[in-house]
A.B. asks: 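To start, I am sharing the structure in question, which I have written as structure tokens.
No hydrogens, no waters, no symmetry mates; every other heavy atom, side chains included, goes into these values. Just so you know, residue 1 is the first one in the sequence shown, and it goes up from there. In listed order, ligands and their atoms are each counted from 1. This is a predicted model, so every value here is computed, not measured.
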Amino acid sequence: MWGMIATWRMALEGVTKGCEMLGRGQSAGDAVEAAIREVEDFPYYKSVGYGGLPNEEMEVELDAAYMDGDTLSIGAVAAIRDYANPVSIAKRLSQEQVNNVLVGEGAEKFAHKEGFERKNMLTDRAKAFYRKRKKEVAEQELKPYSGHDTVGMVCLDQKGTMTAATSTSGLFMKKKGRVGDSPIAGSGFYADSKVGGASATGLGEDLMKGCISYEIVRLMKEGLHPQEACERAVNLLDQELKERRGKAGDLSLIAMNKAGQWGVATNIEGFSFAVAVEGQEPKVYLVRRGEDGHCSFEEASKEWMDDYMRTRMAPVEE
Ligand code: SD4
């Protein structure tokens, strides 16, 4: 059995590519990296890689991570600028004994020495979004961009190896140096080939409060199906945050276990994800959260898919 699950519709092309690799018997490490690179390279996704939205100072600072569920090796970069594929740098860092997580200039130096592709990641389109946002309510509370798009993936290969990886430009207009959950092990991602993996998207500051990806893997280890594990973890964190802080940020999670069973949960409207397992084509689903906190999903219609691309690629009205 092999499979792959990822946050948001935008992961579909990457998941498709990754699954072709998995079907040919390639490793979960290579498949997840190739899948995330696909998303990083596409200029119209505003929260990942090239074309990602800038921070307060109009710089694109990216976070990314990679985890190997066999060895539990982790690699991550945070607030890295001017590199095309942060996920590949993270994967490379996971092979080191120490210095696995590098930030800012240190991460850039490492990437330069290792010969990774440099690229100015700030597009004219992202600049236009920046100017537009500046004009809008200046003191608006910082939250994930609507239809926000951090990519997080969990992958299972034919040999039973599981990996997880993430890539994001984080929150639009974040402070320089701000780091979200995506490069933080246990919060934005976690993978253990003996159990399964999980990955998150949403408000990093709140996702971190529950170490939520680890929590889901822990629940799967206790025997819960990925769907149950995701719902329990998301609902509990949502409830705790509301109780203790009066509100909860966006929390959306995907997970897969070592048998290729998968699950998702969210506390928002409009969360989508892409998934494929051996014998099942990659598809995009939309999640609906019921009153009882139970999440159901249905395949995205052709109209929805077309509309998604149309809005992503529409000119930016300043
Ligand atoms: C962050 N979790 O940096 C990310 C943002 C995100 O879709 O998921 N956007 O907090």
A.B. asks: So that I know where these two stand, are W8 and Y285 an aromatic pair - ring centroids less than 6.0 Å apart?
C.D. replies: no
A.B. asks: Would you mind running through ligand 1 and noting each atom that sits below 4.0 Å from a heavy atom of G202?
C.D. replies: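 Heavy-atom distances to G202 below 4.0 Å select 1 (C), 2 (N), 4 (C), 5 (C), 6 (C), 8 (O), 10 (O).
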A.B. asks: Find out if a path of hydrophobic residues (ILVMFWY) with successive side-chain heavy-atom gaps under 4.5 Å connects L156 to Y190.
C.D. replies: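 The answer is no; the residues belong to distinct hydrophobic clusters.
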A.B. asks: Mark yes when over 12 heavy atoms from residues, nucleotides or ligands other than R178 sit less than 6.0 Å from its CZ; otherwise mark no.
C.D. replies: yes
A.B. asks: Pick from T150, T7, D63: which one makes a side chain to side chain donor-acceptor pair (under 3.5 Å) with T168?
C.D. replies: T150
A.B. asks: Which salt bridge (Lys or Arg N to Asp or Glu O under 4.0 Å) pairs, counting each pair once, include a residue from residues 94-105, with sequence neighbours left out?
C.D. replies: R92-E96
A.B. asks: For ligand 1, which part of R178 has a heavy atom less than 4.0 Å away: the side chain, the backbone, both, or neither?
C.D. replies: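 Side chain only; the backbone of R178 stays clear of ligand 1.
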A.B. asks: Taking a cutoff of less than 4.0 Å between a non-hydrogen atom of the residue and any ligand atom, is S47 in contact with ligand 1?
C.D. replies: no
A.B. asks: At a 4.0 Å threshold, what atoms of ligand 1 neighbour a non-hydrogen atom of T201?
C.D. replies: 6 (C), 7 (O), 8 (O), 9 (N)
A.B. asks: With respect to W8, determine whether any N or O atom, backbone or side chain, lies less than 3.5 Å from an N or O atom of ligand 1.
C.D. replies: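 No: no nitrogen or oxygen of W8 is under 3.5 Å from one in ligand 1.
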A.B. asks: Could you tell me, atom by atom, which parts of ligand 1 come under 4.0 Å of a heavy atom of G180?
C.D. replies: 3 (O)
A.B. asks: So how far is it from E38 CD to E13 CD, rounded to the nearest 0.5 Å?
C.D. replies: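 It comes to 7.5 Å.
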A.B. asks: What atoms of ligand 1 come closer than 4.0 angstrom to any heavy atom of G170?
C.D. replies: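 Atoms satisfying the 4.0 Å criterion: 3 (O).
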A.B. asks: Considering distance alone, does some N or O of G204 sit under 3.5 Å from an N or O of ligand 1?
C.D. replies: yes
A.B. asks: Looking at ligand 1, does any of its N/O atoms fall within less than 3.5 Å of an N/O of T168?
C.D. replies: no
A.B. asks: Which of the atoms in ligand 1, numbered in the order shown and given with their element, are less than 4.0 Å from a heavy-atom of D181?
C.D. replies: 1 (C), 2 (N), 4 (C), 10 (O)
A.B. asks: Is the positively charged end of R312 above the ring of Y308, judged by distance under 6.0 angstrom from the centroid and angle within 45° of the axis?
C.D. replies: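 Yes - R312 lies over the ring of Y308, closer than 6.0 Å to its centre and within 45° of its axis.
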